[in-house]
Amino acid sequence: MAPNGVVSDKSLIVSFGEMLIDFVPTVSGVSLAEAPGFLKAPGGAPANMAIAVSRLGGKASFVGKLGDDEFGHMLADILKQNGVSGDGILFDQGARTALAFVTLRADGEREFMFYRNPSADMLLTPEELNLDLIRSAKVFHYGSISLIVEPCRSAHLKAMEVAKESGALLSYDPNLRLPLWPSADEARKQILSIWDKADIIKVSDVELEFLTGSNKIDDETAMKLWRPNLTLLLITLGEKGSMYYTKYFHGSVDAFHVNTVDTTGAGDSFVGALLCKIVEDPTILENESKLREVLKFANACGAITTTKKGAIPALPTEAEVLALINGA
């Protein structure tokens, strides 16, 4: 540890953004109004991703703001219990921790109703950022929800700039949540406004369609999202696996077929696995056979995460992933 309590080695993955509580119906396939009850499921894509890294044996830290309330302190404790450094967590005394009510459809997909008016995560200011922590990141990961409103948007842009200046790889998973944006056009515009800053970008098939306006999932459509700054562009396709694009090669890797219960956190688990492996060996990004092995591992992580309800309880350990890959 560095004297100021910040993890100082260069294997640290710092994840920036929101952490919230999803309230998930006790019964799948019903509307929110019909649900007989709800279970608390801690979530928020950047927080899920940080825990995914930690569970796989990597070093992760979370940067974001929570409400100074019971839910906020519960979420901070969950990060710590899961081995994620809390050096970047702040508490806001004037705003609540964000909540989301989630409908689990019969096929395991989700619909959301958010309570954020405003929530604490939206109130993070650039001045409050733990810049020492951000400077110590090997990888700096973020989504797009933190771009929706000020002051969090400015904090997000500042954190990205500081991480980049310090030599971190920038990893971006837009994690589209349309109900949170003023309009679809604004979402598209703002999500793409920082596209040329990232080194690694992961989008889902749904996000690919949304951002390109094309209903085809093919190389031509994917290349509409390619930029010269990118090292790696990934498209996740759910049960169809994932597609990858670099400056030198591109291809696809098949998924693992499992009994899907809840897709929450699968993309976060996939990204966490990928970033863990890149931190261990950055040459993965230039070596196609190594990258394919890593994506197979990441696909397995994503698949396992869909087999249980809720994101965090479902995030796998390395042993669980290897068992699936080896057919145990």
Side-chain angles (χ1 to χ4, degrees), residues 11 13 15 22 24 28 41-43 45-60 78 81-84 104-110 139 141 171 173 175 200 202-207 217 232-244 250-281 283-285 287-328:
S11 61
I13 296 168
S15 192
D22 289 339
V24 184
S28 293
N48 293 341
M49 201 288 301
I51 293 173
V53 166
S54 181
R55 200 156 293 170
L56 291 168
K59 288 193 169 142
I78 285 165
Q81 286 158 18
N82 283 282
V84 175
L104 265 188
R105 299 203 315 243
D107 61 0
E109 288 297 331
R110 300 148 301 153
V139 177
H141 176 80
S171 162
D173 175 358
N175 194 43
I200 298 165
K202 172 248 151 188
V203 292
S204 69
D205 44 4
V206 174
E207 289 160 347
I217 301 200
L232 177 62
L233 172 67
L234 295 158
I235 322 282
T236 55
L237 310 171
E239 71 251 13
K240 296 192 183 77
S242 52
M243 291 156 54
Y244 60 89
H250 65 90
S252 62
V253 178
D254 289 339
F256 289 85
H257 291 285
V258 293
N259 180 21
T260 294
V261 175
D262 176 8
T263 58
T264 310
D268 309 323
S269 182
F270 174 92
V271 174
L274 172 78
L275 297 181
C276 259
K277 296 297 182 188
I278 288 171
V279 163
E280 281 174 23
D281 179 9
T283 67
I284 286 161
L285 294 167
N287 180 317
E288 188 168 13
S289 64
K290 278 187 185 178
L291 180 64
R292 290 183 65 83
E293 278 303 304
V294 165
L295 292 177
K296 185 176 169 186
F297 182 89
N299 282 354
C301 280
I304 291 168
T305 308
T306 71
T307 61
K308 293 183 198 164
K309 269 195 184 174
I312 292 168
L315 297 168
T317 61
E318 181 127 8
E320 289 170 319
V321 181
L322 295 176
L324 178 62
I325 290 171
N326 298 327

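Residue numbers start at 1 and run along the sequence shown. Please read these numbers as outputs of a predicted model, since none were measured by experiment.
For the residue pair Met49 and Gly272, the shortest heavy atom distance occurs at SD-CA, 3.6 Å. Of all heavy-atom pairs spanning Thr263 and Thr306, the tightest one is CA-CG2, 4.1 Å. The nearest pair of heavy atoms linking Gly241 to Ala255 is N-CB, 3.3 Å. Nearest heavy atom pair, residue Pro46 against residue Ser15, reads O-OG, 2.7 Å. Summarising the geometry of Val24 relative to Ala41, their closest heavy-atom pair is CG2-CB, 3.8 Å, with the distance given to 0.1 Å.
With contacts defined as side-chain heavy-atom distances shorter than 4.5 Å, the pair Ser252/Tyr244 does not qualify. Taking the side chain as every heavy atom from C-beta outward, Thr236 and Val271 never approach each other to under 4.5 Å. In this structure the side chain of Ile312 reaches within 4.5 angstrom of the side chain of Asn48, judged on heavy atoms. In this structure, Met243 and His250 have side chains that are not in contact, with every pair of non-hydrogen atoms separated by 4.5 Å or more. Residues Thr264 and Lys309 fail the side-chain proximity criterion, which asks for heavy atoms closer than 4.5 Å. Within the 4.5 Å cutoff, the side chain of Leu56 has heavy atoms near those of the Phe297 side chain. Counting heavy atoms from C-beta outward, Ile304 and Val258 have side chains that stay 4.5 Å or more apart. The shortest distance between side-chain heavy atoms of Val139 and Ile200 does not fall below 4.5 Å.
Of the charged side-chain nitrogens involved, at least one lies within less than 4.0 Å of a carboxylate oxygen, so that Lys202 and Asp173 count as a salt-bridged pair. With respect to the salt-bridge test (charged N to carboxylate O, under 4.0 angstrom), the residues Glu320 and Arg55 do not qualify. Between Lys308 and Asp262, no side-chain nitrogen of the basic residue sits less than 4.0 Å from a carboxylate oxygen of the acidic one, so the salt-bridge criterion is not met.
Between the CD1 atom in Ile284 and the OG atom in Ser289 there is a gap of 10.5 Å [rounded to 0.5 Å]. Atom-to-atom distance recorded for His141:NE2 and Leu274:CG is 10.0 Å, nearest 0.5 angstrom. Remark: Glu293 CD to Lys296 NZ distance equals 5.5 Å, nearest 0.5 Å. Separation of atoms CD1 (Ile278) and OG (Ser11) is listed at 14.0 Å; rounding is to 0.5 Å. The line from CG of Leu237 to CG of Asp205 is 5.5 Å long, rounded to the nearest 0.5 Å. Of the inter-residue distances, the one linking Thr283 atom OG1 with Glu280 atom CD reads 11.0 Å to the nearest 0.5 angstrom.
Heavy-atom contacts from other residues, nucleotides or ligands closer than 6.0 Å to NZ of Lys240 number 12 or fewer. Around atom CG of Asp254, no more than 12 heavy atoms belonging to other residues, nucleotides or ligands sit under 6.0 Å away.
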- Task: Begin from the C-alpha positions of Ile13 and Lys59 and carry the test side chain to side chain contact (heavy atoms under 4.5 Å, CB included) through to its verdict.
- Result: CA-CA 6 Å; Ile13 296 168; Lys59 288 193 169 142; over 6 Å; no
- Pair Asn259-Thr307, side chain to side chain contact (heavy atoms under 4.5 Å, CB included): steps then yes or no: CA-CA 6 Å; Asn259 180 21; Thr307 61; 5.5 Å; no
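Judged by distance alone, with hydrogens and angles left aside, the side-chain atoms of Thr305 form no donor-acceptor pair with the main-chain N or O of Leu315 at under 3.5 Å. No donor-acceptor pair closer than 3.5 Å links the side chain of Arg292 to the backbone N or O of Asn287. Side chain of Ser269 to backbone of Gly265: no donor-acceptor contact under 3.5 angstrom is found. Asn326 contributes a side-chain N or O that, together with a main-chain N or O of Leu322, makes up a donor-acceptor pair within less than 3.5 Å. Remark: side-chain polar atoms of Glu207 are paired, donor with acceptor, to backbone N or O of Asn175 under 3.5 angstrom.
Side-chain contact check for Ser54 and Asn82: no donor-acceptor pair (N or O, by modelled atom type) lies under 3.5 Å.
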